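Only a predicted model underlies this, so the values are computations on that prediction, with no experimental measurement involved. Just follow the structure's listing: the first ligand is 1, and inside any ligand the first atom is 1.
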Amino acid sequence: MNDQKPSLTDVRERIDHIDQQIQSLISERANWAREVAKVKGEGLSAIDYYRPEREAHVLRMVVDRNQGPLTDAEMVRLFREIMSSCLAQEDPLKIGFLGPEGTFSEQAVRKHFGHAAYGLPLGSIEEVFQEVVAGNADFGVVPVENSGQGMIQITLDMFLSSEARICGEVELRVHQCLLSRTGRLEDIKRVYSHPQSLQQCKTWLRINLPWAERIPVTSNAEAARLARHADDAAAIAGQSAGHVYGLKTVGEAIEDRADNTTRFLVIGRKLFPPSGNDRTSLLVTVNDKPGALYDVLSPLARHGISLNRIESRPSHDGKWQYAFFIDVSGHSADTPIKEALVEMEASLADLRVLGSYPVALP
Ligand SMILES: O=C(O)C(=O)C[C@]1(C(=O)O)C=C[C@@H](O)C=C1
């Protein structure tokens with residue numbers, strides 16, 4: 001019996017052969033994606049070819065087929081990149097996000113749209129909404145919720161005045177790093193970061209840097225940009241911001257909660273059809289009267305619709321008027337949701353479907 005291990009050359013030959021097959025299949029797939037584009041109509045722009053519901057369906061099949069050794073998230077990432085390149089054959093999508101480069105928002109853009117999309121770094125969450133509504137960006141990616149800190153109010157409030165629709169969600173595991181020019185903890189007198197990130201690392205800072213001043217800034221990448229100008233400053237930001245701004249890592253995964261995850265919304269200008277596993281976001285405005293919240297929730301219960309989350313904000317329209325942001329399971333084209341919406345409309349001051357979109361993939 002020959003139980004000799006294959007040589008390195010043998011194994012590499014096998015890998016070369018597999019790569020050749022993968023490459024020719026990717027090219028074949030890209031040709032078929034062009035065929036699909038022809039069916040949709042030639043000469044359209046990228047946004048007209050983009051189908052988030054189909055992409056979600058393709059990626060769920062990838063997860064179902066996956067037998068390891070790569071994780072579901074890795075497989076999804078690879079296929080996402082293939083689809084991203086297939087779509088960008090005509091003209092890449094333009095995606096607005098809270099810049100500068102190196103923010104977690106940019107990581108969320110890459111996770112959802114891949115690297116063939118064009119990222120447009122913007123100065124604020126408000127600007128992301130404005131550029132999407134004005135048509136200067138095809139889509140935008142904005143943070144909406146953190147597993148430790150809850151909802152991001154500015155994003156919710158933008159929906160009160162903006163026409164933007166929700167067409168997707170992305171969940172990103174957020175690992176915070178302490179980054180500085182010298183890489184030495186004892187040099188640090190000031191720590192810059194986004195207020196949310198300072199909050200996420202409160203305990204670590206109290207134990208390891210009790211003497212340092214904490215300075216809130218507009219984004220983590222902005223913090224990294226500021227930290228590169230002084231030896232006594234540091235930034236809390238993602239590792240990628242450290243690479244972009246040439247900083248050394250003083251501490252890694254310094255977030256207080258091990259499951260620190262941020263949920264982002266993909267915003268656009270239109271609604272998309274069902275993908276088979278969707279969520280619907282509603283914005284309802286209620287008057288200050290007895291049983292107002294009951295009128296919102298009872299139609300959902302009657303039609304067997306699962307409530308995923310509910311958040312209230314003061315409405316911009318009138319004193320003591322409240323807006324509720326409600327996420328439910330299902331698509332607004334599904335009969336139970338359609339029927340519940342008709343019943344809700346009858347008793348509410350205002351009801352808007354912000355969007356129905358595929359549930360986040362790994
Ligand atoms: O199936 C389609 O509609 C395609 O355009 C093909 C494809 C893909 O590569 O699978 C590309 C872009 C779309 O966003 C969805 C899927």
Check ion pair [X]-[Y] (N to O, under 4.0 angstrom):
X: Lys202; Y: Asp256; result: no
X: Arg80; Y: Glu55; result: yes
X: Arg263; Y: Glu169; result: yes

For Phe139, give me all partners under ring-ring contact (aromatic ring centres under 6.0 Å, His included), at least two apart in sequence or on another chain.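 Result, ring-ring contact (aromatic ring centres under 6.0 Å, His included) vs Phe139: Tyr50, Phe113.
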I'd like to check the side-chain contact (heavy atoms from CB on, under 4.5 Å) partners of Pro195; sequence neighbours left out, ordered by chain and number.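 Expected list: Pro216.
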What does the list of residues with a heavy atom under 4.0 Å from ligand 1 look like, ordered by chain and number?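 Contacts of ligand 1 under 4.0 Å: Arg29, Val36, Lys40, Tyr49, Tyr50, Arg51, Arg54, Glu55, Met83, Cys86, Leu87.
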Using a side-chain heavy atom cutoff under 4.5 Å and only I, L, V, M, F, W and Y, what cluster partners does Met151 have?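 Its cluster mates, by chain and number, are Leu98, Tyr118, Leu120, Leu122, Ile125, Val128, Phe129, Val132, Val142, Val144, Ile152, Ile154, Leu156, Met158, Phe159, Leu160, Ile166, Leu265, Ile267, Leu283, Phe325, Leu354, Tyr357.
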